[in-house]
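Structure first, commentary second.
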Amino acid sequence: MNKSSGKRRYLALFFPYLPAERWCRAAPQPPDAPLVFVEKQRGALRLASVDARAQALGLGVGMAFADARARVQELLAVPHEPAADEQWLDRLAQGCGRYTPLVALDHPDGLILDIGGAAHLFGGEAGLVADLEARITGLGMTLRHASAGNPDAARALARYQMLPAPDEAAAIRRLPVAALELDDEATTGLVRAGLKTIGDLGARPMANIAARFGADAATALRRILGDAASPLDPRQALPPVAAERRFAEPIASMPHATKILGELVGEVGEELTRRGKGGRHFRATFFRSDGLARGIEIETGHPTRDVALAMRLFAERMDVLRDPLDPGFGFDMIRLAVPRIEALGATQLKLEGGAVQDAAVDALVDRLATRLGRGRVRQFRPADTHIPEQAQLELPAIDAAPPSPWPRPEAGEPPTRPIYLFDPPQPIEVIAEVPDGPPHRFRWRRATHAIRRFEGPERIAAEWWRRRDNGGLTRDYYRVEDVQGRRYWLFRHGLYEEKDDPRWYIHGLFA
């Protein structure tokens with residue numbers, strides 16, 4: 001197929017028997033009978049996928065399992081596992097990252113690669129396709145593929161092209177109208193109208209097609225013909241900084257691979273230095289010679305371009321992998337991407353070493369989050385609200401700190417908020433000298449506390465935009481101390497003009 005005049009080139013991959021071939025890779029031995037995958041649909045077992053032998057016997061997706069069993073007695077049926085199929089498709093996509101970083105998942109059984117700027121690395125588009133086909137078939141996968149100037153055309157050619165054509169445009173015109181993938185009613189209507197191919201449909205005015213068969217038919221046709229945009233949605237966005245190393249001979253030593261990774265970290269560090277940036281997220285991908293790939297990722301709490309720090313975090317991550325990195329027959333390519341970068345300027349150290357201490361704490365957080373998981377190490381951050389229980393958020397400590405500082409009491413003044421808050425506040429029974437006055441005595445957890453000192457009230461109104469949801473009751477807070485010297489934070493929920501019988505609650509304990 002000749003190369004079109006478009007600047008962009010897309011390669012579509014179609015795996016017609018992906019579930020069966022994925023299942024056979026994990027099976028101890030190949031099945032000795034046609035293989036089908038079944039799932040319950042509308043109360044009945046139906047075929048969700050079949051292998052090549054079952055398809056040759058006339059079995060297909062959507063057929064009732066009882067009918068399939070009646071037609072083919074010797075039949076191996078296993079439950080359909082779409083999550084496992086999606087995971088295997090993602091691994092194939094990761095392996096195809098050796099050809100281009102722009103790889104899109106075409107669920108449930110395909111991939112689309114943007115190869116416009118990568119074909120020259122393999123001696124042209126034909127060389128790239130030949131290398132990819134050899135690796136995919138080496139994994140035991142059946143592959144159909146096609147290239148075109150837009151993703152929709154490449155996908156349609158890979159899935160619906162039956163006979164070769166002299167050029168790409170002719171191949172697209174010979175595709176059946178089923179390649180538009182409209183609903184059954186619209187496809188049947190096109191065929192009955194004598195419009196059996198994309199060429200037949202493209203010869204008609206677009207306005208007539210939209211009026212008779214719907215706007216979806218016209219849009220799908222324009223996208224396949226390249227007259228309308230069909231953007232690619234890659235599984236991973238193109239990183240702002242990346243470096244890679246290809247090897248003529250695969251390397252099977254993990255220490256050697258780790259050494260190469262350190263060199264790549266140094267290369268991206270130099271680029272980040274030129275930009276005045278630092279990395280917050282680093283992703284290393286190790287491409288094996290058998291076509292598969294494995295990636296590991298690290299994150300830092302603050303932007304960095306420190307090679308030693310990044311390699312220490314990568315080592316921590318590798319140590320806790322449930323499935324250790326296995327070179328197999330060797331890695332023939334290693335890529336390091338930095339998907340997230342931020343400004344990183346020079347840091348002025350404090351005379352008392354405060355900045356050095358902060359850096360040590362940040363490094364500890366990075367190591368713990370890398371080893372335990374980013375969500376396991378958490379930290380409270382201030383929130384912009386005057387409602388006490390909402391004034392802090394529990395977020396992963398590795399996330400960047402917000403610019404707003406924690407509120408601090410004036411020098412020499414006691415704290416206005418307790419260290420420990422009850423969530424939710426606990427109800428108490430209060431005796432006050434006057435109905436809307438301060439508490440004189442309260443009962444909590446079957447114990448009575450006589451109040452010796454109090455301070456307040458501190459009146460906190462409900463947020464006006466949420467008053468409809470929480471009733472809009474005002475809180476009067478008191479800091480109190482009982483006769484034994486224990487201090488509490490109490491509040492009356494509601495004023496007497498807002499509620500006939502306001503309730504009292506204990507919200508926190510002071511140290």
I'd like a table of donor-acceptor pairs (distance under 3.5 Å, sequence neighbours excluded) in which one partner is a side-chain atom from residues 36-43, with atom names and distances.
unit_1	atom_1	unit_2	atom_2	d
Glu39	OE2	Gln41	NE2	2.8

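- Taking the side chain as every heavy atom from C-beta outward, Leu102 and Leu238 approach each other to under 4.5 Å.
- Residues Glu181 and Arg155 are paired through a salt bridge, judged by an N-O separation under 4.0 Å between the basic side chain and the carboxylate.
- Remark: Asp319 CG is packed, more than 12 non-hydrogen atoms of other residues, nucleotides or ligands lying under 6.0 Å away.
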Under 3.5 Å, sequence neighbours excluded: what are the donor-acceptor pairs made by side chains of residues 186-193?
unit_1	atom_1	unit_2	atom_2	d
Thr187	OG1	Asp183	O	3.2
Thr188	OG1	Asp184	O	2.8

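- Annotation: the span from Arg135 atom CZ to Cys96 atom SG amounts to 10.0 Å, rounded to 0.5 Å.
- The CG atom of Leu221 sits 8.0 Å away from the CG atom of Asp227 when rounded to the nearest 0.5 Å.
- Taking 4.0 Å as the cut-off between side-chain N and carboxylate O, Arg280 and Glu297 do not count as a salt-bridged pair.
- The line from CG of Leu89 to NE2 of His107 is 6.5 Å long, rounded to the nearest 0.5 Å.
- Between the side chain of Arg46 and the backbone N or O of Gly62, at least one donor-acceptor pair lies under 3.5 Å.
- Other residues, nucleotides and ligands contribute more than 12 heavy atoms inside 6.0 Å of the CZ atom of Arg53.
- The aromatic rings of Phe122 and Tyr99 lie tilted to each other, with the angle between the two planes from 30° to 60°.
- In Arg222, the CZ atom is not crowded: 12 or fewer heavy atoms of neighbouring residues, nucleotides or ligands sit closer than 6.0 Å.
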Original post:
For Tyr505 and Phe422, what are the C-alpha separation, side-chain angles and deciding distance, and is it a ring-ring contact (aromatic ring centres under 6.0 Å, His included)?
Top reply: CA-CA 10 Å; Tyr505 296 88; Phe422 293 111; over 10 Å; no
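- Checked for salt-bridge contact, Arg340 and Glu342 meet the test: a charged N lies under 4.0 Å from a carboxylate O.
- Residue Asp106 holds its CG atom at 10.0 Å from CZ of Phe15, rounded to the nearest 0.5 Å.
- No more than 12 heavy atoms of other residues, nucleotides or ligands sit less than 6.0 Å from atom CD of Gln87.
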Name each donor-acceptor pair under 3.5 Å that joins a side chain in residues 18-30 to protein atoms two or more places apart or in another chain, with its distance.
unit_1	atom_1	unit_2	atom_2	d
Glu21	OE1	Thr142	N	3.0
Glu21	OE2	Thr142	N	3.1
Glu21	OE2	Thr142	OG1	2.5
Arg22	NE	Asp85	OD1	3.0
Arg22	NH1	Glu81	OE1	3.3
Arg22	NH2	Asp85	OD1	2.8
Arg25	NH1	Leu139	O	3.2

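- In this structure, Arg223 pairs ionically with Asp152, as a charged nitrogen and a carboxylate oxygen lie closer than 4.0 Å.
- With respect to Arg98 and Asp332, a salt bridge is recorded, a charged nitrogen being found less than 4.0 Å from a carboxylate O.
- Around atom CZ of Arg204, no more than 12 heavy atoms belonging to other residues, nucleotides or ligands sit under 6.0 Å away.
- The residues Asp200 and Arg173 are annotated as not salt-bridged, no charged nitrogen and carboxylate oxygen being separated by less than 4.0 angstrom.
- A salt bridge does not link Asp67 to Arg71: none of the charged side-chain nitrogens sits closer than 4.0 Å to a carboxylate oxygen.
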